[in-house]
Every structure is written in C-alpha cells, then in structure tokens.
Trainee: 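One structure is given below, represented as structure tokens, and several questions about it will come after.
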Amino acid sequence: MNEEQLLQKFEDRIHAGEIIEPKDWMPERYRKQLIRMMSQHAHSEVVGMLPEGNWITRAPSLRRKMALLAKVQDEAGHGLYIYSATETLGIDRAELLEQLLSGQAKYSSIFNYPTLSWADMGVIGWFVDGAAIVNQTMLAKSSYGPYSRAMVRICKEENFHKKQGYEIITILANGTPEQKKMAQDAVNRWWWPTLMMFGPPDKDSPNSAELMKWKVKLKSNDELRQRFVDLTIPQAKAVNLTIPDPDLKYNEESGHWEFGKINWDEFWQVVKGNGPMNKERLRARRKAHEDGTWVRKAAMAYAEKHKSKS
Ligand code: BYC
C-alpha cells in the first residue's frame, strides 16, 4: 500500500471507532500531535505536584495531611503513566524531561499561580481536578489506546481528588467568618485561571481541527469549558460561595450558564513563561531533577548488576 492508501485505511479505522495501538501504522502528523499533547499533559501532572506539595507540611490535621500526600503521590503516578504512554510513540522519556527542564516544553498554565492559603488546596481539588475530569473523561475515549487507557485510570483517581477538595471547601464555607472569607478568596483567585485551563477559544485553537478529525479530542475547548461551568455553578451555590463573574447568567433556552469575558492576554502571558510562578516552578523541577541524580544512578547500577547475574 502506498502512503495515500495507508492514510485512507487509518482514517477509515478512526471513523469506524477503532482504537489505534503503538504498532499500527499511523501518519507522522498523528504521532507528532500525540507526542506534543501527551508530553504536555505528563509535564502538567509532574509540575502540578508543586503548588500542593508546598502545603503538605502545613495541612491542618493528620487526616488532611494524609489525603494531600496521597493526592500529590497520585499525580506523580499520573505523570509516570502518561510518560510511559508517550514512550510508545517512539520518544525517550529522558528527551521529554530535557524539553521540560530546558523550558522548551509547555505544561498547563494553571500551575503557574501561587497557592496562598489552605483554602487553595480545597479549590484546586474542586476546580482544577474538576476541570481535569471534564477534559480527561473525554480523552478516555480518544483514538490512541495507551493514552485512552491511562485516562480511564487517572479519572478514577481524580474523582477522589475532587471530592477531597470540595469537602475542604464545604467545611471552610460553613465555618467561621474568617474561614468562609478564605474559601471565597481562593474561589475568586482560581476561577478564571481554571477556565483558561481548557485552552484558547475554538477560533484561536490551531490544533483542535486536526485532533478532532483523528478523534484524539472528541470535544472542543469551548464545549468542555462550558460543561465545566454548567457543572460547577450549582456546586458553588450549594456551599454559598460566589463565582467572581458579574456576567454569569442562566440561559433557560439553551440550558447553559453564560459567562463573562476571559482575559486571554493573561493566558498567553502565562503560557509564554511570564505567569506569577513560571520561573519558580521550573527552578523547583530542575532542583528536584538534580537532587534525584544519585537515585537514578543507583537504580541503573542495580539494574545492570541484576542483568549480569541472570
Ligand atoms: N496551558 O490548539 P490548542 C491536570 C497551548 S493536568 C498551557 O487549543 P490543543 C492536573 C497548546 O499546547 C492538566 N498551554 O491546543 C494535574 C498549544 O500550544 P502548542 C493538563 C496551553 O492541544 C495535577 C496552544 O496553546 N491537561 O489536569 O488542541 C493536579 C494552542 O492551543 C493550554 C492536559 O494536558 C494551557 N491551559 O488543546 C490536578 C490534557 N491550553 O503545543 C490537575 C490534555 C492550550 O501548539 N491536553 N495551550 O505550542 C488537552 O486536552 C489539550 O492539549 C488542551 C489544549 C485542551 C490543553
């Protein structure tokens, strides 16, 4: 078969809802797009450990400390699954890590904001993991097998993350006036950056058309953003917290919540590396990588020794 026929067969398979596996023929562009998106996702999980890791020692009780520790550990695991899934596309993990540490690779904008109070741990679980669930439930049906299977497992864990976050917020929102204020302040700071997580509006999203044609993405950035808003507003009302958007309005006809303008200039600044915490996040990742050198060396030496024995 020539290239054109192979492409036709590949697209027919996608159209028929078949799953593409690593050894199957795929267009180079599909492989490249997956490596781009999946590696950014893996990096996001690993960088995503930092804003919360920062609060493990300051969690207000042993129960909260254990839950947060487990959540941050889960995120390391998610990074690992997705790096492994990306490696099935023929790229080495060391190369992907180098792209992250050199500042060349992107990771989710959301992790470039600071975590200023304990309520931020609640709101990250509720909003950020909530947004991740909306995005990843769709990706669990994506056309690339190793990615979709990783998403199924990750979504299960994200559900716990979201529940622990919403529980923290519910307790603070029903607590003392200071606690309620802390919860509202966290909601005010994280709402808009969370909406940005879904990526630029569809009209400014250069990758969406191709990704949707090949069923890597099954829904657009704007569709998923809307779904998140529709799910989250009732949850905010249930705990008497206010979403910081004066333009929020329920549209009876469409059954959707309409929301105000997102500051896309801020989003692109953060993506370009100029967010409040970009430099700090990369500095922390580089330090963690350097500090881990001896562990990697020891693991390699152990593996080598084991190999020569068997
Ligand atoms: N931040 O054409 P577009 C998590 C970039 S982990 C930074 O729409 P696409 C969690 C985009 O890369 C969250 N950059 O792109 C972890 C592209 O640039 P390049 C991560 C962004 O791929 C721990 C350009 O803008 N989740 O949830 O069609 C604890 C144009 O965008 C962002 C994933 O990665 C952003 N927010 O759609 C808690 C999920 N948005 O590469 C939670 C998988 C866009 O062309 N990824 N850009 O230079 C996706 O679903 C899609 O890649 C996106 C973007 C929806 C994010």
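Order of listing sets the numbers, starting from 1, for every ligand and every atom in it. Everything numeric in this text was worked out from a predicted model, so none of it was measured.
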Trainee: Using a strict 4.0 Å cut-off to heavy atoms of Ser44, name the atoms of ligand 1 that fall inside it.
Mentor: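 In order of number, 6 (S), 13 (C), 20 (C).
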
Trainee: With a 4.0 Å cut-off, strictly under, does atom 39 (C) of ligand 1 pick up any protein heavy atom?
Mentor: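 So atom 39 (C) of ligand 1 has protein heavy-atom neighbours under 4.0 Å.
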
Trainee: In terms of side-chain heavy atoms, does Trp214 have a donor or acceptor partner in Glu11 at a distance below 3.5 Å?
Mentor: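 A donor-acceptor contact under 3.5 Å links the two side chains.
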
Trainee: At the 4.0 Å heavy-atom cut-off, does Leu139 count as touching ligand 1?
Mentor: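 For ligand 1, residue contact (heavy atoms, under 4.0 Å) with Leu139 is present.
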
Trainee: Which is it for Glu75 and ligand 1 at heavy atoms under 4.0 Å: side chain, backbone, both or neither?
Mentor: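 The answer is the side chain.
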
Trainee: Does the ring-ring contact (aromatic ring centres under 6.0 Å, His included) test come out yes or no for Tyr166 and Trp126, once each step is laid out?
Mentor: CA-CA 5 Å; Tyr166 194 56; Trp126 174 26; 5.2 Å; yes

Trainee: Is a side-chain donor-acceptor pair under 3.5 Å present for Asp230 with Gln226?
Mentor: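 On atom types as modelled, these side chains qualify, holding a pair under 3.5 Å.
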
Trainee: What atoms of ligand 1 come within less than 4.0 Å of a heavy atom belonging to Met37?
Mentor: 43 (C), 46 (N), 49 (C), 50 (O), 52 (O)

Trainee: Under 4.0 Å, heavy-atom basis, I'd like to know which part of Met196 is in contact with ligand 1: side chain, backbone, both or neither.
Mentor: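 Near ligand 1, Met196 shows its backbone, while the atoms from C-beta on stay back.
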
Trainee: Which heavy atom of the protein is the closest neighbour of atom 22 (O) of ligand 1, given with residue, atom name and distance?
Mentor: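 Residue, atom and distance for the closest contact: Arg36 NH2, 2.8 Å.
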
Trainee: Using a strict cut-off of 4.0 Å, indicate which atoms of ligand 1 neighbour a heavy atom of Ser205.
Mentor: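 Ligand 1 atoms under the 4.0 Å threshold to Ser205: 2 (O), 3 (P), 8 (O).
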
Trainee: Provide the number and element of each atom of ligand 1 under 4.0 Å from a heavy atom of Met197.
Mentor: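 Those of ligand 1 that fall under 4.0 Å from Met197 are 27 (O), 36 (N).
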
Trainee: Before accepting this row, confirm whether a basic side-chain N of the pair Lys287/Glu290 lies closer than 4.0 Å to the acidic partner's carboxylate O.
Mentor: no

Trainee: Using a strict threshold of under 4.0 Å (side-chain N to carboxylate O), is an ion pair present between Glu178 and Lys181?
Mentor: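 Glu178 and Lys181: not salt-bridged.
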
Trainee: Go through it in stages, so that I can follow the logic: the residues are Asp222 and Lys203, the test is salt bridge (Lys or Arg N to Asp or Glu O under 4.0 Å), and I'd like the CA-CA distance, side-chain angles, deciding distance and then a yes or no.
Mentor: CA-CA 9 Å; Asp222 286 335; Lys203 64 177 176 40; over 6 Å; no

Trainee: Any idea which protein heavy atom is nearest atom 7 (C) of ligand 1, and the distance to it?
Mentor: Tyr107 O, 3.3 Å

Trainee: Give me the nearest non-hydrogen protein atom to atom 50 (O) of ligand 1 as residue plus atom name, then the distance to 0.1 Å.
Mentor: Asn135 ND2, 3.0 Å

Trainee: Looking at Gly199, which atoms of ligand 1 are within less than 4.0 Å of one of its heavy atoms?
Mentor: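 Taking each heavy atom of Gly199 in turn, ligand 1 has 40 (N), 44 (C) under 4.0 Å.
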
Trainee: Closer than 4.0 Å to some heavy atom of Phe111 - which atoms of ligand 1 meet that?
Mentor: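 The list of qualifying atoms is 10 (C), 16 (C), 23 (C), 29 (C), 38 (C), 42 (C).
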
Trainee: How far is atom 17 (C) of ligand 1 from the closest protein heavy atom, and which atom is that?
Mentor: Asn207 ND2, 3.7 Å

Trainee: Can you confirm whether or not the ring centre of Tyr250 sits under 6.0 Å from the ring centre of Trp257?
Mentor: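 Aromatic pair counts; centres sit under 6.0 Å.
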
Trainee: Under a plain distance cut-off of 3.5 Å, with no hydrogens placed, do Lys217 and Ser208 share a side-chain donor-acceptor pair?
Mentor: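 A pair is found: one side chain offers a donor N or O, the other an acceptor, under 3.5 Å apart.
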
Trainee: Run the salt bridge (Lys or Arg N to Asp or Glu O under 4.0 Å) check on Arg63 and Glu167 step by step: do they pass?
Mentor: CA-CA 12 Å; Arg63 177 170 176 263; Glu167 190 201 21; 3.2 Å; yes

Trainee: Of all the heavy-atom pairs spanning Arg93 and Ser84, show the shortest one and how long it is.
Mentor: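 Heavy atoms only, the tightest pair is NH2-OG, 3.3 Å.
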
Trainee: Could you tell me whether Asn221 approaches ligand 1 through its side chain, its backbone, both or neither, with non-hydrogen atoms closer than 4.0 Å?
Mentor: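 Only the side chain of Asn221 comes within reach of ligand 1.
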
Trainee: If you count every heavy atom of other residues, nucleotides or ligands that lies below 6.0 Å from Phe160 atom CZ, does the total exceed 12?
Mentor: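 Open: at most 12 neighbouring heavy atoms sit under 6.0 Å from CZ of Phe160.
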
Trainee: Taking atom types as modelled, find out whether Thr88 and Tyr144 have a side-chain donor-acceptor pair closer than 3.5 angstrom.
Mentor: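 There is such a pair between these side chains.
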
Trainee: Would you tell me which option among Ser108, Ser142, Ser208 has the nearest heavy-atom contact to atom 13 (C) of ligand 1?
Mentor: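 Answer by nearest heavy atom: Ser108.
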
Trainee: When you check the side-chain N and O atoms of Tyr107 and His41, is any donor under 3.5 Å from an acceptor?
Mentor: no

Trainee: Between Lys307 and Glu304, does any NZ, NE, NH1 or NH2 come within less than 4.0 Å of an OD or OE carboxylate oxygen?
Mentor: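 Result for this pair is yes, salt bridge flagged.
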
Trainee: Mind checking whether Pro206 has an N or O less than 3.5 Å away from an N or O of ligand 1?
Mentor: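 Yes, at least one N or O pair falls under 3.5 Å.
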
Trainee: Enumerate the atoms of ligand 1 whose separation from the nearest heavy atom of Phe198 is less than 4.0 angstrom.
Mentor: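 In order of numbering, the contacting atoms are 55 (C).
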
Trainee: Hey, is Lys261 close enough to Asp247 for a salt bridge, meaning N to O under 4.0 Å?
Mentor: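 No salt bridge links Lys261 with Asp247.
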
Trainee: Just to confirm my output: which protein heavy-atom neighbour is closest to atom 5 (C) of ligand 1, and how far is it?
Mentor: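 Checked against all protein heavy atoms, atom 5 (C) of ligand 1 sits closest to Lys106 CD, 4.0 Å.
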
Trainee: Just need the protein heavy atom nearest to atom 44 (C) of ligand 1, so name the residue and atom and give the distance.
Mentor: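 That would be Pro200 CD, 3.6 Å.
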
Trainee: Can you find an N or O of Gln40 that's nearer than 3.5 Å to an N or O of ligand 1?
Mentor: yes

Trainee: Under 4.0 Å, counting heavy atoms only: does Trp268 come that close to any atom of ligand 1?
Mentor: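 Yes, Trp268 has a heavy atom closer than 4.0 Å to ligand 1.
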
Trainee: Which atoms of ligand 1 are found less than 4.0 Å from any heavy atom of Tyr147?
Mentor: 43 (C)

Trainee: Looking only at protein heavy atoms, which one is nearest to atom 27 (O) of ligand 1, and how far off is it?
Mentor: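 The protein heavy atom lying closest is Ala132 CB, 3.0 Å.
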
Trainee: If you measure only the distance, is there a donor-acceptor pair under 3.5 Å linking the side chains of Glu223 and Ser220?
Mentor: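 Judged by distance alone, the side chains do pair up.
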
Trainee: At under 4.0 Å between heavy atoms, which part of Asp204 makes contact with ligand 1: side chain, backbone, both or neither?
Mentor: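 Under 4.0 Å from ligand 1, Asp204 contributes no heavy atoms.
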
Trainee: Could you tell me the residue and atom name of the protein heavy atom closest to atom 1 (N) of ligand 1, and the distance to it rounded to 0.1 Å?
Mentor: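 Atom 1 (N) of ligand 1 sits closest to the protein heavy atom Ser109 N, 2.8 Å.
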
Trainee: Which bit of Lys217 gets closer than 4.0 Å to ligand 1, counting heavy atoms only: side chain, backbone, both or neither?
Mentor: side chain

